Every structure is written in structure tokens, then in C-alpha cells.
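A quick write-up on the structure given underneath.
In this text, all values refer to a predicted model and were calculated from it rather than measured experimentally.
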Amino acid sequence: MKESLRELVLQAVQSLVQAGRLPADLSLPAFVIERSRSREHGDFATNLAMMLAKPARAKPREIAQQLVEALPASALVDRCEIAGPGFINFFLSHQAYQAEVLRVLELGEHYGHSAQGAGRRVGVEFVSANPTGPLHVGHGRAAAIGDCLSRLLHATGWDVKREFYYNDAGVQIHNLAISVQARARGIDPDHAEWPEGGYRGDYIADVARAYLNRETATADGHDVVGAADPDNLDAIRQFAVASLRHEQDLDLKAFGAGFDVYFLESSLYADGKVEETVRELIAHGHTYEAGGALWLKSTDFGDDKDRVMRKSDGSYTYFVPDVAYHLSKWQRGYERAITELGSDHHGSLARVKAGLQALDTGIPHNWPEYVLHQMVTVMRGGEEVKISKRAGSYVTLRDLIEEVGRDATRFFLIARKADSQLVFDIDLARSQSNDNPVYYIQYAHARICSALRQAEEKGLPFDLANGRTQLARLDSEHEQILLGELSKFPEVLEAAATNLEPHLVANWLRDLAASFHGYYNSCQFLVEDKDLRDARLTLALATRQVIRNGLDLLGLGAPESM
């Protein structure tokens, strides 16, 4: 609808240019067509007349009147009104909404999708958890956001590559290895010899037990067999990392989040990519030495101060491999690179971007793009839940999935804007009530399936072909509200993908479900009037399709009964 209106408006502008009422060299301003906040002000409104006033050297309301008069006749628009300083309000015809129902039925699972990305490649990196323990609820939020972003971008025509970056090098991995080694030697966390910085969760004991039993850990298609030697720290490290990567992969699979690329931080060192990146930065004159350390002139690229790259002991600071890693993304042809991270990583973003700009390889200034999420607080019975029996110090993603189910977990973790703190209420997520948004939405889908089944069972068969021709019968207030809400889906999808805000889909689905439940409770579907019955069931069928499409973008199921 929005695009059709835009085309009509552009035709009106062209007519005025040809008639000499607008400048021949007119550069069209960036005007908007948006949904009206109140139905009293129409369905859509545009600010174009006000944007054209200066180049046309005319009053906005005069331009608005000319645009309205030049607007081509269309079955889409019932009438136009000029409001305020020069807004044009569009009142759409009933036929426009009826046509949208037919479009839903025609396009099916592709309704709302677009070719905006034109097949260009985008890499979406998310979760990227250190393989040092089970995934916590924060990782779950990252997984939900990243997976939904990938689905949204795919639906808008991008060639999406999902990527997981394993930080399998550094101090944390060493702490993992010595923790498992201590357990393998029979030392528990309460013992005086327990290593400082060691991981204390019960999962460490599980890994140590598997290592001593010579079990096999499989990660990324490679098998690592436990050596059963508590003194072989390197063998312990390899087995522990493989074991925990495997556990994380299982959790993510159960959560419905998959990946196309698994990238190991250790490979950047093994393949010499970190050293190569540093040499390039030095060669381009963007570094200097001071105090025995190598520094990046990151202030030349917008950072608040220069940053140490290589410390006096010869080791690299953590942002250097991040620069090398993102350079590899650019070299792999990612026109866009989107990274989903916890907000605690905010401090490293400027220095990574500075490092990429300092390489002088043509990487755009806004590359990569970041989506940062805030912390999650888990509540049960009005009290915060802080620990897991398995992990010890935090609530795991597996805990939530086992307690409330995958769909509820995903929805609750995606339902608020990423940069907002989130309270995960376990009691609400488990409830089967209208207060539970995921239940409320899925119940709308199940209700429609039930209505279609009942029509058959009661000997009132649904004739879709006839229903398509009887949509003019949908003239009640609740039907008009539902038709209007239904038609918003393509705009919601586009906005969510453009702004990288999947919560927009979740919130809109709740509005759509509310519109349907209101309709269902006020109007009978299985009436004796065959034409009216077919029209209402056709609208219900289109609503079911759009709910299903929206749920799929969030990675949720669409149950046929509840």
C-alpha cells in the first residue's frame, strides 16, 4: 500500500513538472509517507507539499492542493484531505484493503518480503561466546536477536551468512584448562589448591570425568578423544574446548539458531593473520612506539585516545585480533557486517573501527555495524534468579528452555529493543493466559485453525474461491480494524530489517493478535449466510498466514491447536 501511494504521488509530481507548476530541474526532497496515528486523519499522510514549498517558492497548502488535483485516479484512494500546514491525508478505499487480502493469499509465505537487499552479502555475527562454560541467558538474548536479524535480512533480499566467532585463545581458555585439570586431579573448588580464576560450576567436573574416561568430544566435525592424563594440560585444553563447543552447539540448535560459519580466534594466530594485520598498520604509518609498546594512532580515526596494540611483553591487546577478524570478513566479500554484542563490549568498538580505517583498504566508515543488547534479569515468584545448579554462578539458556520452552524463551528475549534492559518473568512465560504475549499470539493462529476445522465438522464447507469475491461484505468495525492491521506487515518487516530492530515484529504481532481476538469475539464466523461466512473465513485465512509469517521471522512455531 505504501509503495503504491508513493508511486501515485511521484506521478502527480511529474505531472506538475510537465505543466510548469514545479521547477523543471526539481530535485525531489526526501519526503515520507507514513501511517496516520488516528483513523480520523486518514490511513496515510505525506509531508511532500511542505518539502516542496521552498524549491517551488509557494505556500505548502497551495502545493498540497495542486498535488491532490494532479493525483492520478486510483481504486486505492477514496479521498484526500489537506491538513495543518500542508499535510496530505489519504483515506484508502475498502477495495484497497480487500486487494491486500488477495495479495496475502497469492503470496503466502512470501507476503511482506522484498528484494531490498538485491542479493548482496551481509554477515551477521552473534553469540560468539567463549567456550568456557554453558551459554547464559545473555547469550540467549544475543542468539534470539542475531537469528531474528538474519531472518529479517533474508526476507528483505539479502544473502545472509550467520557467523559464530569462537574466542578459543587467551587467559580465559587457560583458566578453563587448569580448572578441568584440577578436577581431574580430584581437587574441588573448596580446596586450598583450587586455581585462582578457576571455573567452579559442576560442568567442569563433567568435562574432567569425560576426559579421564577417554570419551570423544566432537566440535565442528572434528573429534577430540580424552587422553586421560591429568598432567597433559594441552590435551586437557583441547578436549575441554571441544566439549564445551559441542554443548553450546547443542543448546543453540535446541534454541533454533544455526550458523553458516564457525570462525576460531586461534586460526588468526595460526595463519599469521594477526601479524600480517599489524605489519599493514605499521606500513601505512598509523602506529608508533612508546614505553616499549606499539601504539595505534586511533585518535586519527575518532577514538578518544590512542590504543596499545602490542604490549611491552610482546603480547597483543584484545582488540588487535578483532581487527584482523573483521578484515577477514571484508576480504570474504561481506558488503555489510553486522555484529551483535553485549553492551559491555561498547568500549572496544571505536578502536576496532579505527584499526580497520587505518588499514586503508577502502572499508567504509560505518563498517561494521553493531547491535548491542543490555542485560537480562530473570525473575521467578517476584524474586531474581541468579544461579544455575549446573553453571553455578548464572542462569543458563538451557535452564530457560527446559522450564518455559523454546518459543516462550525466544519471544521474551526478543520482545524489547536490544538496548533496553529486559526482565524475563518465568511465571509469565509459563502461563497460558492473555497476559503471556507469545501464548496470546499463537492462540490467535490456533483459533483460526479451529474455526476452519469446525466449519467442515458442522457441514458448513468453506469455499475460498467464493470468499475471494465476497470481501466487500467485510464492513463491520472490527473487520475494518483487522484489515488495517493486517496490511501493516510489509511496512513493519521493512522497518525492522532497516533499523535492525526485530522487537518491532514481536510488538506488531501482539497488536495483530489483539485485532483478531476482538474480531473473533464480536463476530460469528460460521453463519448460515454462505457469502458472509466465506468472506469472514477468507479474512481469517489471510490473518493466519500473516501471523505464521511473523512468527517465522521470530523463529517461533505456529501451533494449530492449543
Side-chain angles (χ1 to χ4, degrees), residues 120-126 128-130 142 161 163-174 261 263-374 418-419 500:
R120 291 171 290 169
R121 179 170 291 189
V122 56
V124 183
E125 179 205 339
F126 56 105
S128 295
N130 297 329
K161 299 297 179 186
E163 188 148 331
F164 193 117
Y165 179 63
Y166 278 110
N167 300 97
D168 64 335
V171 174
Q172 291 174 317
I173 299 301
H174 175 71
V261 179
F263 197 103
L264 300 181
E265 180 187 3
S266 59
S267 72
L268 293 169
Y269 293 96
D271 298 340
K273 295 298 183 182
V274 173
E275 287 286 353
E276 181 182 329
T277 299
V278 172
R279 285 197 300 270
E280 286 296 313
L281 290 170
I282 294 173
H284 284 90
H286 296 303
T287 64
Y288 62 91
E289 293 195 25
L294 179 67
W295 294 70
L296 175 68
K297 298 177 183 177
S298 53
T299 50
D300 291 348
F301 303 94
D303 201 359
D304 60 345
K305 62 181 180 180
D306 291 343
R307 305 290 178 173
V308 173
M309 294 174 53
R310 187 173 57 217
K311 294 181 283 189
S312 57
D313 64 4
S315 64
Y316 291 110
T317 54
Y318 66 90
F319 86 92
V320 178
D322 281 352
V323 174
Y325 170 51
H326 280 87
L327 176 61
S328 83
K329 293 183 182 181
W330 179 255
Q331 294 169 337
R332 282 181 276 146
Y334 289 169
E335 184 167 330
R336 291 177 69 186
I338 299 168
T339 303
E340 204 287 338
L341 294 168
S343 58
D344 56 320
H345 290 269
H346 182 270
S348 68
L349 308 188
R351 65 201 70 169
V352 171
K353 285 193 173 185
L356 291 170
Q357 291 301 305
L359 288 166
D360 296 330
T361 58
I363 295 175
H365 288 277
N366 63 343
W367 197 102
E369 303 164 61
Y370 290 101
V371 176
L372 303 180
H373 72 262
Q374 286 283 357
D419 61 5
L500 305 180

Margin query: Would the distance check show the side chain of N167 and the main-chain N or O of N130 forming a donor-acceptor pair, the cut-off being under 3.5 Å?
Written below: no

Next item on the list: Inspect the contact between R120 and E335 and indicate whether a charged nitrogen and a carboxylate oxygen are less than 4.0 angstrom apart.
Entry: yes

Next item on the list: Check V122 against I338 and note the closest heavy-atom contact, atom names and distance.
Entry: CG2-CD1, 3.8 Å

Note to self: Would you say the ring centers of F263 and F164 fall short of 6.0 Å from each other?
What the structure shows: no

Checklist line | Side chain proximity check, L372 to D344, heavy atoms < 4.5 angstrom | finding: no

Notebook entry, point to check: Taking side chain as C-beta onward, heavy atoms only, is V278 less than 4.5 Å from M309?
Noted result: yes

Check: When you measure from the side chain of Q357 to the backbone N and O of P364, does any donor-acceptor pair fall under 3.5 Å?
Finding: yes

Next item on the list: Please check if any side-chain donor atom of D419 sits under 3.5 Å from a side-chain acceptor atom of Q374, or the reverse.
Entry: no

Next item on the list: Mark yes when over 12 heavy atoms from residues, nucleotides or ligands other than H346 sit less than 6.0 Å from its NE2; otherwise mark no.
Entry: no

Notebook entry, point to check: With a 4.5 Å heavy-atom cut-off, do E125 and Y325 have their side chains touching?
Noted result: yes

Notebook entry, point to check: Is any side-chain heavy atom of R307 less than 4.5 Å from a side-chain heavy atom of W295?
Noted result: no

Next item on the list: Quick one: closest heavy-atom pair of A324 and T277, and the distance?
Entry: CB-OG1, 3.4 Å

Next item on the list: For L281 and G355, work out which heavy atoms get closest and say how close.
Entry: CD2-O, 3.5 Å

Check: Are F301 and H286 close enough that their ring centres sit under 6.0 Å apart?
Finding: yes

Checklist line | Spacing of CD belonging to E280 relative to CG belonging to L327, to within rounding of 0.5 Å | finding: 8.5 Å

Check: CG of L341 to NE2 of H373: how many Å apart, nearest 0.5 Å?
Finding: 8.5 Å

Check: Mind checking whether L349 and P368 have side chains closer than 4.5 Å, heavy atoms only?
Finding: no

Check: If every non-hydrogen atom of Y166 is compared with every non-hydrogen atom of A129, which pair is closest and at what distance?
Finding: CD2-O, 3.9 Å

Notebook entry, point to check: Tell me, do V323 and L359 make a side-chain contact under 4.5 Å, heavy atoms counted?
Noted result: yes

Notebook entry, point to check: In Å and rounded to the nearest 0.5 Å, what is the CG to OG distance from D168 to S267?
Noted result: 7.5 Å

Next item on the list: Output, in order, the C-alpha distance, side-chain angles, deciding distance and verdict of side-chain contact (heavy atoms from CB on, under 4.5 Å) for E265 and Y318.
Entry: CA-CA 11 Å; E265 180 187 3; Y318 66 90; over 6 Å; no

Check: Regarding E163 and Y334, is there a side-chain donor-to-acceptor distance under 3.5 Å anywhere?
Finding: yes

Notebook entry, point to check: Are the side chain of D271 and the backbone of K273 linked by a donor-acceptor contact shorter than 3.5 Å?
Noted result: no

Next item on the list: For the residue pair V320 and T317, establish whether any side-chain heavy-atom pair is separated by less than 4.5 Å.
Entry: yes

Notebook entry, point to check: Can you tell me if D306 and Y288 form a side-chain donor-acceptor pair at under 3.5 Å?
Noted result: yes

Check: Which atom names give the shortest non-hydrogen contact between A354 and S298, and what distance separates them?
Finding: CB-CB, 3.7 Å

Check: Does the side chain of K329 reach to within under 4.5 Å of the side chain of T339, using non-hydrogen atoms?
Finding: yes

Next item on the list: Could you tell me which non-hydrogen atom of A142 sits nearest to which non-hydrogen atom of E340, and how far apart they are?
Entry: CB-OE1, 3.1 Å

Margin query: Can you tell me how the ring of Y316 sits relative to the ring of Y269, calling it parallel under 30°, perpendicular over 60° and tilted otherwise?
Written below: tilted

Next item on the list: Go through the steps for R332 and V261 under the test side-chain contact (heavy atoms from CB on, under 4.5 Å), then give the verdict.
Entry: CA-CA 12 Å; R332 282 181 276 146; V261 179; 3.9 Å; yes

Note to self: Let's go through F126 and V371 carefully: what are the C-alpha distance in whole Å and the side-chain angles of both, what is the deciding distance for side-chain contact (heavy atoms from CB on, under 4.5 Å) to 0.1 Å, and is it a yes or a no?
What the structure shows: CA-CA 9 Å; F126 56 105; V371 176; over 6 Å; no

